[in-house]
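So you know, we letter chains A, B, ... as the sequences are listed, proteins then strands, and number each from 1. Note that the structure is a prediction, hence the values are computed from the model and not measured.
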2 protein chains.
Amino acid sequence: MSTKEGPQPSRRGPYAKSTERRQAILTAAHAVFAAHGYRGGSLQDVADRAGMSQTSLLHYFPSKSELLLAVLNWRDSITGDGTAPRDPEESLVDAVLRQARFNENVPGVLELYTVLCGEAVTEGHPGREYFTKRFQELRRSYTRQLKQLAEEGRLRPGVDPETAAASLIALWDGIQTQWLLAPGSVDMAGCLRAYLDLVLLPE
Amino acid sequence: MSTKEGPQPSRRGPYAKSTERRQAILTAAHAVFAAHGYRGGSLQDVADRAGMSQTSLLHYFPSKSELLLAVLNWRDSITGDGTAPRDPEESLVDAVLRQARFNENVPGVLELYTVLCGEAVTEGHPGREYFTKRFQELRRSYTRQLKQLAEEGRLRPGVDPETAAASLIALWDGIQTQWLLAPGSVDMAGCLRAYLDLVLLPE
DNA sequence: GTCTATAGTTCGATAGAC
DNA sequence: GTCTATCGAACTATAGAC
């Protein structure tokens with residue numbers, strides 16, 4: 001049986017070569033979509049970066065829209081900023097600031113997110129559902145964490161957890177846009193820290 | 001002399017008809033770019049909406065990128081949210097909340113802004129300079145107003161005017177994106193009010 | 001000023017040889 | 001799996017008749 005497992009070009013498991021090719025495509029597509037957006041980036045651009053023909057690319061991803069969704073899901077898995085469970089020992093403030101500083105040093109990650117998020121608001125954009133769900137889940141996650149802090153008396157009186165959750169996400173996204181257009185004029189982590197300092201009380 | 005003034009098809013002034021045509025084009029382009037973005041919207045779409053051929057459209061605006069810039073500048077002139085001098089009698093809070101509530105009832109205005117702002121971060125986008133300058137001017141304007149409030153003792157101690165200015169703009173933009181994707185789940189004016197309540201002290 | 005016609009690209013996706 | 005070739009469509013912009 002073991003000698004007849006079919007398509008297994010490598011010892012590291014079935015379809016290992018294929019998986020590497022898909023990774024190369026995702027990396028290339030991430031860069032292209034970040035620089036030119038979904039509509040502005042072409043499959044030819046992605047294929048050139050990945051070192052293959054445009055038709056070979058479509059062998060791994062059946063269409064451009066499927067490629068976009070794969071890039072978005074892949075981004076979640078590497079940045080882990082979605083609904084992924086955080087270290088419970090790390091405070092909300094530390095987690096937010098750590099992620100904000102990390103993103104500053106990974107070129108392309110913020111571009112991809114900001115560009116596609118704006119594009120996704122347009123009619124018929126394949127990423128619209130992704131961002132809608134993402135915001136919904138993020139609001140729910142932050143609301144829960146803020147309610148927990150409220151129970152510990154760490155929330156400033158008068159602050160509504162749901163409003164603060166949506167506002168924190170909004171502030172984060174908006175400051176990223178300003179930072180991308182003028183990196184020297186905006187302090188991303190500083191703005192986030194200032195907001196959390198307003199919302200939270202010292203321990 | 002008065003009988004030989006050349007291109008004057010109307011009594012209401014020179015080029016009146018031409019001005020109306022340009023207005024129709026701007027209105028159509030505003031709707032198309034808001035719905036599909038700059039790269040996703042075509043001149044044919046705009047021409048169809050404006051009731052003319054695509055080539056006639058290019059008679060009024062020499063290129064697609066020029067049309068985009070004209071739409072952006074026209075938007076400023078009608079919404080008056082740029083660096084336009086506000087009524088000095090109106091407080092910062094009232095002005096922000098009034099504008100936020102107004103925008104909710106003008107479909108297309110927020111779409112255009114959010115979509116193009118995200119797109120503008122991409123390489124070679126004709127609107128990039130516009131948004132860069134816009135953010136710079138907005139930060140300067142809000143910083144000045146917040147410093148004025150600080151002198152009146154209306155600013156919460158510890159709040160930095162420049163940080164708060166960038167944060168207010170960021171929060172506003174970000175909450176618009178969330179509202180466009182889930183209008184029923186986000187209260188734009190509520191989030192802005194909550195933030196200003198945190199930053200400002202009661203009179 | 002307005003139009004038809006079209007040049008000249010570029011695109012996403014398919015067909016089929018190897 | 002990878003490629004060349006290509007289809008069919010869409011796009012911006014230009015040329016030129018009226």
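Considering only side-chain N and O atoms, A:S56 lies under 4.0 angstrom from the phosphate OP1 or OP2 of D:dC3. Residue A:Y60 places no side-chain N or O under 4.0 Å from the OP1 or OP2 atom of D:dG1.
In this structure, B:E66 places its CD atom 14 Å from C1' of D:dA13, rounding to the nearest Å. Rounded to a whole Å, the CZ atom of B:F61 is 13 Å from the P atom of C:dG1. Computed from coordinates, the A:K17 NZ to D:dG1 P distance equals 9 Å when rounded to whole Å. Between the CE atom of A:M52 and the P atom of D:dC3 there is a distance of 8 Å, rounded to whole Å.
Near DNA chain D, meaning a heavy atom under 4.0 Å away, there are no residues from residues 21-29 of chain B.
Legend: residues meeting side chain to side chain donor-acceptor pair (under 3.5 Å) with B:T122, ordered by chain and number and at least two apart, are B:R39. With sequence neighbours left out, A:E123 forms a salt bridge (Lys or Arg N to Asp or Glu O under 4.0 Å) with no residue at all. Take A:D48 and apply the side chain to side chain donor-acceptor pair (under 3.5 Å) test, not counting sequence neighbours, and it matches A:Q44. Checked against side chain to side chain donor-acceptor pair (under 3.5 Å), B:H125 has the following partners two or more places apart in sequence or in another chain: B:E119. When the salt bridge (Lys or Arg N to Asp or Glu O under 4.0 Å) test is applied to B:E90, the partners found at least two apart in sequence or on another chain are B:R98. In this view, A:R49 satisfies the side chain to side chain donor-acceptor pair (under 3.5 Å) rule with no residue, not counting sequence neighbours. Residues meeting the ring-ring contact (aromatic ring centres under 6.0 Å, His included) test with B:F131, sequence neighbours left out: B:Y113.
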Steps toward side-chain hydrogen bond (donor to acceptor under 3.5 Å, both in side chains) verdict (A:R139, B:Q178): CA-CA 10 Å; A:R139 281 193 299 264; B:Q178 291 185 52; 2.9 Å; yes
Heavy-atom protein contacts under 4.0 Å, nucleotides 7-18 of chain C, coded B base, S sugar-phosphate only, - none: ----SBBBB---
